[in-house]
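Written below as C-alpha cells is the structure these notes are about.
Residue numbers start from 1 in every chain, and the chains themselves are labelled A, B, ... in the order their sequence lines are given, proteins ahead of strands. Because the structure is predicted, anything quoted here is derived from the model rather than measured.
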2 protein chains.
Amino acid sequence: MAEVAALAGVSTMTVSRALRDPSTVTDGTMRRIRSAIDATGYVPNRIAGSLASRRSNIVGVIVPSLRNSLFAETIQGIADALGSAYDLMIANSGYSLPGEETAIRAFLAQRVCGIVLHNARHTRESTDLLREAGIPCIETGNLVSRPIDMTIGFSNREAARAMTAHLVARHYRRIGFVSLPVRENDRAAERRAGYLAALAEAGIEVDPSLVLESPPGLRGGAEALVTLMALSPRPEAAFLTGDVLAVGALLEANRRGWSVPGDIAIAGSDDNELHSQVSPPLTSLRFPRYEIGRLAGVMLLERLQGNTRAPAIVDLGFEIVERASV
Amino acid sequence: MAEVAALAGVSTMTVSRALRDPSTVTDGTMRRIRSAIDATGYVPNRIAGSLASRRSNIVGVIVPSLRNSLFAETIQGIADALGSAYDLMIANSGYSLPGEETAIRAFLAQRVCGIVLHNARHTRESTDLLREAGIPCIETGNLVSRPIDMTIGFSNREAARAMTAHLVARHYRRIGFVSLPVRENDRAAERRAGYLAALAEAGIEVDPSLVLESPPGLRGGAEALVTLMALSPRPEAAFLTGDVLAVGALLEANRRGWSVPGDIAIAGSDDNELHSQVSPPLTSLRFPRYEIGRLAGVMLLERLQGNTRAPAIVDLGFEIVERASV
DNA sequence: TTGAAAGCGGTACCAG
DNA sequence: CTGGTACCGCTTTCAA
C-alpha cells in the first residue's frame, strides 16, 4: 500500500480511504490511486485491515457434513444473501458435538463476524464461548425455544407430527417410522417425538417394532422398508424421515414389485426434485432449506450493519407435499 | 494474551511459544499458562498471528455452485485431509469466469495459504493473479495440460470417449449425447469432444440432431430423453453426462414404460448410490470426487509444510461401472 | 480533503 | 528456556 501511495503521490491514509469509500476522495486523486494500483498489482491485505479495525468480514458456518446436499442448500442461501461483501468459512462437525466445539473455537480465533450453526444442541463449552463472543449467532437445524442468540428454521417435531397426522387422516393406523439414529442428532429425536405425539393424539398405541433407526442413504431406507414389510401384521404405511431414506424405500418397493401405496404407503421428508420424479411420486415434507440460509444471511447483515436487534426466533414452517405414494 | 502472561507470571513471548509448541516450555510454566488461559477465557487471535507471521492457515476453495453434491464430495475430501490445522474458506463462482475471479481476489486479499479451483478455464486476470500470488493452487475439475500450478483429477474427454466406445462395443451405433451447456463449462465441452472422438474412431458419422444440451436436474434429463425418442430413426442408446441427467432420463423411461435397454440403452456419469438403486441400475462413469479432494488436501499440506515440490499433474482416472441399463 | 502518529495482538529475531 | 524489541500492513483518531 505504501508503494501505491508513493506512486500516486499521496499518503497511505488517502489510499486506504479511497479504497473503502471513493466518495471521500477527489476524483483526480482517485484516478491516480487507481492507476497506481494497476501498475503495482496491489492486492489489499484484509488481515491487516481486520486487525486494525477490529472487525472481520468472515461468516463462519458449521454443518454436520459437507457431503449432504441438504446443508449445501442452506449454505448457498447464506452465500447469496451475503453477496461478495463477506466471505464464508465452512467447517463440518462430523455429526459430533465436540467436533462442533472445535470448529467454534477455530472460528472464534479467526474472529469471524458471525456464526451460523446447524445443530441446536451443543456442548456446554460451545454455548459459553458463543455467548461471550459477542457476535451474532444463528441456529438453523431445529427451532429451539431458547436460542443462544437467534434461531431460524422449522420445528422438526411439528413437521413429523403433521405428516403422521396426515397419514392417520388417510386412514392408515399401522404406521412404521424410520429416522436416522437419534443419539447425538436432535433433529431425528424431535421427529420421532412428533411421530409419537401424533399417534397419541389419534389414540393409536405405539408398536415399538414399527419404530426403526437407519443409517443414511438409499440402501438404509431400502433395508428399513424390508424390515417393516417382514413384520406381521405388516404396516400399512411407512414414514421415513431423514436424508433420502424414503426414496430408497420406494426404489426398493419398485424392485420388489410392491405396490405403492397399495401394499404400503410411503411418506418422506426433505422434499426435492427426486421425490417428484420417482414412480409413484412421493408424498413428503418440504423444508425451506435455502430460504433458511438466505434469511440467516439477511439477519446477519442487519445485525452487522444496522444493529437492528431482529426477532430472535423465526419459524419458517414446513409444508406437506401430497403426491401419489400415500 | 498480555493478561494471560501477567497472570501466569511470564512474558507474552512465552505464552505465544507455549501455545504453538508446548515442548519449548517447562512443564511448570505450561501448567501456569494453561490455568491462566482457563481463568481468563482467552481466545487466541489468529488475525494478529497471521499478520505477524505473514502466513495464514486458511485454504480457499472455489466451486461453481455449493448446491451440487458433486462439489461437496471434493470439499469434504479436502477438509478431511487438512484436518483441524487449517480452515476452509469457500466461495462459489456461480458458474461464471468473472465470478471466479472475484472469489480469487477475495481469497488473495484474505491471504489464504492455498487455493483449490474446480474450473480449469479462467479469465486472464485470474491466471495472472494466481501465478503471482506465490501460493499453491490446485485445479481439479478437469485435467489440464498446462496447469497454473498443480492439477488433480481426470480427463473429462477421455472419460466420455471411453463410455462412448463402450456403447459402440455393445453394438450401439446410433447414440444420443446429452450434456450440460458447453458454453463457459469446459468439462461439458471436453465431454462432448470425447464423444465425437469416439464416434470418429468407430467410423460412425455424427448426427447433429443426436447431440443435445440440457439444463441440469432430473427434469432436464427426462426432457432430453423425450426429445431423443421423438427422432426418427430413434437412437438405440443415450449417453447423458453431467449432474443427474441420466437418472432423470431413466425415471422418465420408467414412467413412460420404455424398456431399458430394450427400447433405449442409457448410460450416465458421476456415478453415485442413486445409479445403483434405480431400475434397471444405470451403467455410468465413476469419478473419484472425494479422492480428488483428499489428495488435493494432502498435496497442499506437503507444499505448505515440507515444501516438497510434488508432481504438477495427477491423473486419478475414472471407471466405467457396468450395470443393466446398457 | 488530506496527513501524521499510535496502535490492533500477535510473532520474528536476537540476547541473556 | 525465557524475555525485549521491533515490526506485520492497515485503520483509528486527531490535527491541518
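In this structure, the ring-ring contact (aromatic ring centres under 6.0 Å, His included) partners of B:F71, at least two apart in sequence or on a different chain, are B:H118. The salt bridge (Lys or Arg N to Asp or Glu O under 4.0 Å) check on B:R289 picks up B:D270, with sequence neighbours excluded. Every residue meeting the side-chain contact (heavy atoms from CB on, under 4.5 Å) condition with B:A36, not counting sequence neighbours, appears here in chain and number order: B:V4, B:L7, B:A8. Listed by chain and number, the residues in a salt bridge (Lys or Arg N to Asp or Glu O under 4.0 Å) with B:E139 amount to none (sequence neighbours excluded). In this structure B:Y290 satisfies the side-chain hydrogen bond (donor to acceptor under 3.5 Å, both in side chains) test together with B:D80, sequence neighbours excluded. Under the ring-ring contact (aromatic ring centres under 6.0 Å, His included) criterion, A:F107 pairs with no residue at all, not counting sequence neighbours.
For DNA chain D, the neighbouring residues in residues 20-40 of chain B, judged by any heavy atom under 4.0 Å, are B:S23, B:T24, B:V25, B:T26, B:T29. Taking every heavy atom of residues 50-59 of chain A and every atom of DNA chain D, pairs under 4.0 Å involve A:A52, A:S53, A:R55, by number.
For residues 90-99 of chain A, there are no salt bridge (Lys or Arg N to Asp or Glu O under 4.0 Å) pairs, not counting sequence neighbours. Sequence neighbours left out, the pairs with a member in residues 89-110 of chain A that pass salt bridge (Lys or Arg N to Asp or Glu O under 4.0 Å) are A:E101-A:R105, A:R105-A:E125. Among pairs with a residue in residues 47-69 of chain A, those fulfilling salt bridge (Lys or Arg N to Asp or Glu O under 4.0 Å) read A:R67-B:E73, at least two apart in sequence or across chains.
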Going through the distances and angles, do B:R294 and B:E291 end up as a salt bridge (Lys or Arg N to Asp or Glu O under 4.0 Å)? CA-CA 5 Å; B:R294 217 191 50 77; B:E291 191 56 22; 3.1 Å; yes
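Within the nucleic acid shown, A:M13 comes within 4.0 Å of at least one base atom, counting heavy atoms only.
Of the two residues near DNA chain D, A:R46 and B:V10, the one whose nearest nucleotide lies more 5' is B:V10.
Of all nucleotides in DNA chain D having an atom under 4.0 Å from a heavy atom of chain A, the first and last in 5' to 3' order are D:dG9 to D:dT12.
Residue A:M1 contributes atom CE, which lies 14 Å from atom P of C:dT2 at whole-angstrom precision.
Side-chain atoms of A:R17 and base atoms of C:dG3 include a donor and an acceptor less than 3.5 Å apart.
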